[in-house]
Amino acid sequence: MASILKVDKLDPQSGTDLEIGTSGDTITIPSGATIVNSGTATGFGGGKVLQVQSTAGTHITTTTSTSYADNITVSITPSATSSKILIIHAPPSNVHLDNTTNMFHASLFRDSTNLTTSGHNSSWGVYRIRSGEEMSGVAIHHLDSPSSTSSITYKIRVKVDNASLEGVYGHHTTQPCQSSLTAMEIGA
Amino acid sequence: MTEKIKVHIIKAIRSLNPTAQVVIQNEDIDTIRWDNGTPEIAKADILAKQTELQAEYDAQEYARKRKAEYPSVQDLVVALYDTDDKTAIDEKRAAVKLKYPKP
(Lines give C-alpha, C1' and ligand atoms only; values in the text may rest on other atoms or scores of the structure.)
Protein backbone atom coordinates (compact mmCIF):
# COMPACT_ATOMS: atom_id res chain seq x y z
CA MET A 1 0.00 0.00 0.00
CA ALA A 2 1.43 3.28 -1.12
CA SER A 3 1.91 6.00 1.47
CA ILE A 4 -0.34 9.00 1.20
CA LEU A 5 0.87 12.46 2.22
CA LYS A 6 -1.97 14.88 2.82
CA VAL A 7 -1.00 18.54 3.09
CA ASP A 8 -2.50 21.82 1.92
CA LYS A 9 0.69 23.31 0.51
CA LEU A 10 4.19 22.32 -0.50
CA ASP A 11 6.79 25.06 -0.38
CA PRO A 12 10.48 24.77 -1.23
CA GLN A 13 13.00 25.58 1.43
CA SER A 14 14.28 29.07 1.19
CA GLY A 15 16.76 29.46 -1.65
CA THR A 16 15.90 26.22 -3.43
CA ASP A 17 13.44 25.01 -6.09
CA LEU A 18 10.80 22.45 -5.34
CA GLU A 19 11.46 19.22 -7.23
CA ILE A 20 9.03 16.34 -7.54
CA GLY A 21 10.39 12.93 -8.44
CA THR A 22 13.68 11.86 -9.93
CA SER A 23 14.80 11.42 -13.53
CA GLY A 24 13.06 8.38 -14.95
CA ASP A 25 10.07 8.61 -12.61
CA THR A 26 6.57 9.04 -13.94
CA ILE A 27 4.30 11.54 -12.22
CA THR A 28 0.72 10.56 -12.93
CA ILE A 29 -2.38 12.73 -12.83
CA PRO A 30 -5.21 10.23 -12.39
CA SER A 31 -8.40 10.24 -14.41
CA GLY A 32 -10.82 12.84 -13.13
CA ALA A 33 -8.12 14.94 -11.48
CA THR A 34 -7.34 18.48 -12.73
CA ILE A 35 -4.23 20.61 -12.68
CA VAL A 36 -4.94 24.32 -12.79
CA ASN A 37 -2.16 26.63 -13.91
CA SER A 38 -2.47 30.29 -12.94
CA GLY A 39 1.20 31.08 -13.36
CA THR A 40 3.73 30.19 -16.05
CA ALA A 41 4.14 26.61 -17.22
CA THR A 42 7.09 25.70 -19.43
CA GLY A 43 8.30 22.55 -21.07
CA PHE A 44 4.85 21.23 -21.95
CA GLY A 45 5.49 20.99 -25.68
CA GLY A 46 2.92 18.41 -26.72
CA GLY A 47 0.64 19.38 -29.58
CA LYS A 48 2.43 22.59 -30.32
CA VAL A 49 3.36 23.59 -33.85
CA LEU A 50 7.14 23.58 -33.66
CA GLN A 51 7.85 24.77 -37.19
CA VAL A 52 6.19 25.34 -40.53
CA GLN A 53 7.77 24.99 -43.97
CA SER A 54 5.87 25.88 -47.11
CA THR A 55 6.28 26.07 -50.87
CA ALA A 56 3.87 28.01 -53.01
CA GLY A 57 3.80 29.13 -56.60
CA THR A 58 3.04 28.02 -60.09
CA HIS A 59 4.09 24.41 -60.49
CA ILE A 60 3.09 22.97 -63.84
CA THR A 61 3.87 19.34 -64.58
CA THR A 62 2.96 18.08 -68.04
CA THR A 63 3.24 14.33 -68.41
CA THR A 64 2.51 11.40 -70.66
CA SER A 65 4.65 9.13 -68.48
CA THR A 66 3.50 6.12 -66.49
CA SER A 67 6.36 6.81 -64.05
CA TYR A 68 5.92 9.33 -61.26
CA ALA A 69 7.33 12.84 -61.61
CA ASP A 70 7.65 15.55 -58.96
CA ASN A 71 5.22 18.44 -59.10
CA ILE A 72 5.74 20.44 -55.89
CA THR A 73 8.04 19.68 -52.93
CA VAL A 74 8.73 20.96 -49.43
CA SER A 75 11.57 19.99 -47.09
CA ILE A 76 11.52 19.91 -43.29
CA THR A 77 13.93 18.65 -40.61
CA PRO A 78 11.99 17.44 -37.56
CA SER A 79 13.43 18.47 -34.19
CA ALA A 80 12.47 15.20 -32.52
CA THR A 81 11.76 11.66 -33.65
CA SER A 82 8.48 11.77 -31.74
CA SER A 83 7.15 14.68 -33.78
CA LYS A 84 4.40 14.30 -36.30
CA ILE A 85 4.33 16.16 -39.61
CA LEU A 86 1.04 17.50 -40.89
CA ILE A 87 1.07 17.89 -44.66
CA ILE A 88 -1.37 20.19 -46.40
CA HIS A 89 -1.51 20.43 -50.17
CA ALA A 90 -3.60 23.19 -51.71
CA PRO A 91 -3.94 21.83 -55.24
CA PRO A 92 -4.02 23.76 -58.47
CA SER A 93 -7.48 24.77 -59.54
CA ASN A 94 -7.05 23.08 -62.89
CA VAL A 95 -5.97 19.65 -64.01
CA HIS A 96 -6.03 19.33 -67.77
CA LEU A 97 -6.51 15.94 -69.44
CA ASP A 98 -6.78 15.27 -73.15
CA ASN A 99 -8.94 12.15 -73.20
CA THR A 100 -11.85 10.69 -71.28
CA THR A 101 -10.59 7.11 -71.21
CA ASN A 102 -7.45 7.08 -69.08
CA MET A 103 -6.61 8.22 -65.58
CA PHE A 104 -4.23 10.73 -64.09
CA HIS A 105 -2.79 10.15 -60.62
CA ALA A 106 -1.47 12.46 -57.91
CA SER A 107 0.16 11.03 -54.79
CA LEU A 108 1.99 12.20 -51.68
CA PHE A 109 5.54 10.94 -51.18
CA ARG A 110 8.01 11.19 -48.28
CA ASP A 111 11.32 11.18 -50.14
CA SER A 112 10.96 8.06 -52.33
CA THR A 113 8.15 6.46 -50.28
CA ASN A 114 4.58 6.72 -51.49
CA LEU A 115 2.53 7.61 -48.40
CA THR A 116 -0.68 6.83 -50.22
CA THR A 117 -1.38 3.24 -49.24
CA SER A 118 -4.90 2.88 -50.59
CA GLY A 119 -6.89 4.18 -53.52
CA HIS A 120 -6.60 3.20 -57.16
CA ASN A 121 -2.95 2.53 -57.99
CA SER A 122 -2.08 3.90 -54.50
CA SER A 123 -2.88 7.44 -55.47
CA TRP A 124 -4.58 10.18 -53.51
CA GLY A 125 -6.10 11.97 -56.45
CA VAL A 126 -7.45 9.90 -59.32
CA TYR A 127 -8.60 12.06 -62.19
CA ARG A 128 -10.66 11.08 -65.19
CA ILE A 129 -12.72 13.56 -67.08
CA ARG A 130 -16.19 12.73 -68.31
CA SER A 131 -16.44 15.63 -70.70
CA GLY A 132 -14.55 18.81 -71.51
CA GLU A 133 -10.87 18.94 -70.80
CA GLU A 134 -10.32 20.08 -67.21
CA MET A 135 -11.21 19.47 -63.60
CA SER A 136 -10.24 20.89 -60.23
CA GLY A 137 -7.43 19.45 -58.14
CA VAL A 138 -8.24 17.65 -54.89
CA ALA A 139 -6.69 18.71 -51.56
CA ILE A 140 -4.31 16.32 -49.84
CA HIS A 141 -4.03 16.35 -46.01
CA HIS A 142 -1.91 13.75 -44.28
CA LEU A 143 -0.51 13.29 -40.75
CA ASP A 144 2.86 11.57 -41.00
CA SER A 145 5.08 10.03 -38.31
CA PRO A 146 8.50 9.98 -39.92
CA SER A 147 10.45 9.07 -36.71
CA SER A 148 13.44 11.00 -37.97
CA THR A 149 15.47 14.10 -37.28
CA SER A 150 17.00 14.13 -40.74
CA SER A 151 15.87 16.38 -43.56
CA ILE A 152 12.76 15.02 -45.23
CA THR A 153 11.31 16.10 -48.55
CA TYR A 154 7.59 15.72 -49.07
CA LYS A 155 6.48 15.67 -52.69
CA ILE A 156 3.34 15.72 -54.71
CA ARG A 157 4.07 13.41 -57.60
CA VAL A 158 1.97 12.77 -60.68
CA LYS A 159 1.71 10.25 -63.50
CA VAL A 160 -0.71 8.83 -66.03
CA ASP A 161 -1.95 5.24 -66.01
CA ASN A 162 -1.58 4.94 -69.77
CA ALA A 163 0.79 6.76 -72.08
CA SER A 164 -2.01 7.65 -74.45
CA LEU A 165 -3.15 10.24 -71.91
CA GLU A 166 -1.61 13.67 -71.70
CA GLY A 167 -2.10 15.27 -68.29
CA VAL A 168 -1.20 18.72 -67.02
CA TYR A 169 -1.24 19.28 -63.26
CA GLY A 170 -1.38 22.94 -62.40
CA HIS A 171 -2.38 24.43 -65.66
CA HIS A 172 -5.31 25.96 -67.39
CA THR A 173 -5.34 25.74 -71.18
CA THR A 174 -4.38 29.38 -71.36
CA GLN A 175 -3.29 30.44 -67.85
CA PRO A 176 -1.29 28.72 -65.11
CA CYS A 177 -2.60 28.59 -61.55
CA GLN A 178 -0.97 28.50 -58.11
CA SER A 179 -0.68 25.63 -55.66
CA SER A 180 1.12 25.04 -52.36
CA LEU A 181 2.56 22.32 -50.16
CA THR A 182 2.98 22.93 -46.41
CA ALA A 183 4.64 20.79 -43.75
CA MET A 184 3.98 21.51 -40.03
CA GLU A 185 5.96 19.81 -37.31
CA ILE A 186 3.67 18.99 -34.39
CA GLY A 187 5.37 18.28 -31.06
CA ALA A 188 4.50 14.98 -29.37
CA MET B 1 7.63 30.73 -69.44
CA THR B 2 4.94 31.83 -71.85
CA GLU B 3 1.97 33.47 -70.18
CA LYS B 4 -0.55 32.20 -72.71
CA ILE B 5 0.37 28.83 -74.10
CA LYS B 6 -1.74 27.53 -76.96
CA VAL B 7 0.47 24.70 -78.19
CA HIS B 8 2.32 22.94 -75.38
CA ILE B 9 5.78 21.49 -75.87
CA ILE B 10 4.30 18.07 -75.23
CA LYS B 11 1.99 18.48 -78.21
CA ALA B 12 5.02 19.03 -80.40
CA ILE B 13 6.78 15.99 -78.95
CA ARG B 14 3.71 13.79 -79.37
CA SER B 15 3.33 15.04 -82.89
CA LEU B 16 6.85 13.81 -83.61
CA ASN B 17 6.47 10.61 -81.55
CA PRO B 18 2.86 9.71 -80.66
CA THR B 19 3.90 7.17 -78.00
CA ALA B 20 6.51 9.33 -76.25
CA GLN B 21 6.50 9.16 -72.45
CA VAL B 22 7.86 12.45 -71.19
CA VAL B 23 7.58 14.87 -68.28
CA ILE B 24 7.99 18.62 -68.60
CA GLN B 25 8.17 21.10 -65.73
CA ASN B 26 6.76 24.60 -66.07
CA GLU B 27 6.67 24.33 -69.86
CA ASP B 28 10.48 24.61 -69.88
CA ILE B 29 12.12 22.65 -72.69
CA ASP B 30 15.29 22.24 -70.61
CA THR B 31 13.41 20.13 -68.02
CA ILE B 32 12.22 17.37 -70.35
CA ARG B 33 12.52 13.90 -68.79
CA TRP B 34 12.41 11.05 -71.29
CA ASP B 35 10.81 8.02 -69.61
CA ASN B 36 10.46 4.31 -70.14
CA GLY B 37 12.76 3.98 -73.14
CA THR B 38 11.45 6.96 -75.07
CA PRO B 39 14.20 8.09 -77.46
CA GLU B 40 15.20 11.72 -77.08
CA ILE B 41 14.27 14.24 -79.74
CA ALA B 42 16.53 17.22 -80.37
CA LYS B 43 15.31 20.48 -78.83
CA ALA B 44 15.58 22.27 -82.17
CA ASP B 45 13.25 19.71 -83.77
CA ILE B 46 10.76 20.08 -80.92
CA LEU B 47 10.77 23.86 -81.13
CA ALA B 48 10.40 23.76 -84.91
CA LYS B 49 7.41 21.46 -84.61
CA GLN B 50 5.92 23.66 -81.90
CA THR B 51 6.25 26.70 -84.15
CA GLU B 52 4.63 24.78 -87.00
CA LEU B 53 1.71 23.65 -84.82
CA GLN B 54 1.32 27.14 -83.41
CA ALA B 55 1.12 28.53 -86.96
CA GLU B 56 -1.54 25.95 -87.82
CA TYR B 57 -3.45 26.92 -84.68
CA ASP B 58 -3.18 30.63 -85.44
CA ALA B 59 -4.29 30.06 -89.03
CA GLN B 60 -7.58 28.71 -87.69
CA GLU B 61 -8.30 31.82 -85.63
CA TYR B 62 -10.91 33.01 -88.14
CA ALA B 63 -12.69 29.65 -87.96
CA ARG B 64 -12.84 29.72 -84.14
CA LYS B 65 -14.24 33.25 -84.18
CA ARG B 66 -16.78 32.33 -86.85
CA LYS B 67 -17.86 29.26 -84.87
CA ALA B 68 -18.44 31.36 -81.78
CA GLU B 69 -20.77 33.72 -83.62
CA TYR B 70 -22.55 31.41 -86.05
CA PRO B 71 -26.24 30.66 -85.40
CA SER B 72 -26.78 27.91 -82.84
CA VAL B 73 -27.98 24.40 -83.62
CA GLN B 74 -31.32 25.38 -82.10
CA ASP B 75 -31.58 28.31 -84.55
CA LEU B 76 -30.89 25.92 -87.42
CA VAL B 77 -33.56 23.46 -86.27
CA VAL B 78 -36.15 26.24 -86.07
CA ALA B 79 -35.15 27.43 -89.54
CA LEU B 80 -36.05 24.03 -91.00
CA TYR B 81 -39.70 24.96 -90.53
CA ASP B 82 -39.67 28.64 -91.46
CA THR B 83 -38.38 30.24 -94.66
CA ASP B 84 -37.94 33.67 -93.05
CA ASP B 85 -35.81 32.19 -90.28
CA LYS B 86 -33.67 30.39 -92.84
CA THR B 87 -33.08 33.65 -94.70
CA ALA B 88 -32.10 35.34 -91.43
CA ILE B 89 -29.64 32.57 -90.67
CA ASP B 90 -28.08 32.78 -94.13
CA GLU B 91 -27.67 36.52 -93.67
CA LYS B 92 -26.15 36.07 -90.21
CA ARG B 93 -23.65 33.48 -91.47
CA ALA B 94 -22.70 35.74 -94.36
CA ALA B 95 -22.16 38.64 -91.97
CA VAL B 96 -19.95 36.53 -89.69
CA LYS B 97 -17.87 35.34 -92.66
CA LEU B 98 -17.44 38.90 -93.80
CA LYS B 99 -16.44 39.94 -90.27
CA TYR B 100 -13.81 37.16 -90.00
CA PRO B 101 -12.44 36.57 -93.53
CA LYS B 102 -10.35 33.55 -94.37
CA PRO B 103 -6.70 34.60 -94.57
Side-chain angles (χ1 to χ4, degrees), chain A residues 55-74 92 94-99 101-107 109 112 121 123 127 133-134 137 153 155-181, chain B residues 1-65 67-68 72-74:
Chain A
T55 302
T58 302
H59 297 270
I60 306 163
T61 302
T62 308
T63 183
T64 57
S65 177
T66 54
S67 300
Y68 273 114
D70 293 356
N71 171 255
I72 185 170
T73 67
V74 66
N94 290 93
V95 178
H96 170 94
L97 307 179
D98 77 343
N99 78 43
T101 304
N102 304 114
M103 283 175 275
F104 182 89
H105 299 276
S107 293
F109 280 69
S112 59
N121 283 349
S123 61
Y127 300 86
E133 296 182 327
E134 292 169 355
T153 300
K155 311 168 182 178
I156 299 298
R157 310 191 80 201
V158 297
K159 69 174 184 176
V160 295
D161 73 340
N162 187 296
S164 60
L165 176 66
E166 175 191 315
V168 188
Y169 193 71
H171 198 274
H172 185 272
T173 50
T174 54
Q175 293 288 358
C177 46
Q178 181 163 315
S179 61
S180 69
L181 184 62
Chain B
M1 189 184 70
T2 308
E3 273 300 303
K4 290 195 174 185
I5 302 164
K6 292 170 185 169
V7 177
H8 301 288
I9 293 169
I10 209 161
K11 293 287 187 198
I13 293 172
R14 299 274 269 186
S15 180
L16 293 164
N17 176 0
T19 61
Q21 290 197 34
V22 294
V23 180
I24 302 163
Q25 301 292 351
N26 297 317
E27 200 59 16
D28 181 350
I29 198 165
D30 292 324
T31 70
I32 297 175
R33 191 181 86 186
W34 303 90
D35 277 358
N36 303 320
T38 300
E40 289 192 24
I41 300 170
K43 288 179 193 173
D45 293 341
I46 296 168
L47 291 172
K49 177 56 75 173
Q50 187 183 27
T51 301
E52 177 189 323
L53 294 175
Q54 185 70 57
E56 287 175 7
Y57 180 89
D58 292 344
Q60 291 300 307
E61 181 72 8
Y62 79 97
R64 286 188 294 275
K65 286 181 174 174
K67 188 179 178 183
S72 67
V73 171
Q74 190 175 359

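Just so we're on the same page: letters track the sequence lines, and every chain starts at 1.
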- Query: In Å and rounded to the nearest 0.5 Å, what is the OG1 to CD distance from Thr66(A) to Gln21(B)?
  - Reply: 4.0 Å

- Winner by heavy-atom pair count (cut-off under 4.5 Å) against chain B, out of Ser65(A), Ser164(A), Gly167(A): Ser65(A)

- Rounded distance [0.5 Å steps], CD1 in Ile10(B) versus OG1 in Thr64(A): 4.0 Å

- Message: Side chains of Asp35(B) and Lys159(A), heavy atoms from C-beta outward: is any pair under 4.5 Å?
- Response: no

- Message: Can you confirm whether more than 12 heavy atoms, excluding those of Gln74(B), are under 6.0 Å from its CD atom?
- Response: no

- Query: Has the side chain of Gln25(B) got a donor or acceptor atom that lies under 3.5 Å from a matching backbone atom of Asp70(A)?
  - Reply: yes

- Rounded to the nearest 0.5 Å, the CG atom of Asn26(B) sits from the OG1 atom of Thr62(A) at a distance of 8.5 Å

- Note on the structure: Output for pair (Lys11(B) NZ, Asp98(A) CG), nearest 0.5 Å, gives 4.5 Å

- So which part of Ile72(A) gets closer than 4.5 Å to some heavy atom of chain B, the side chain, the backbone, both or neither? neither

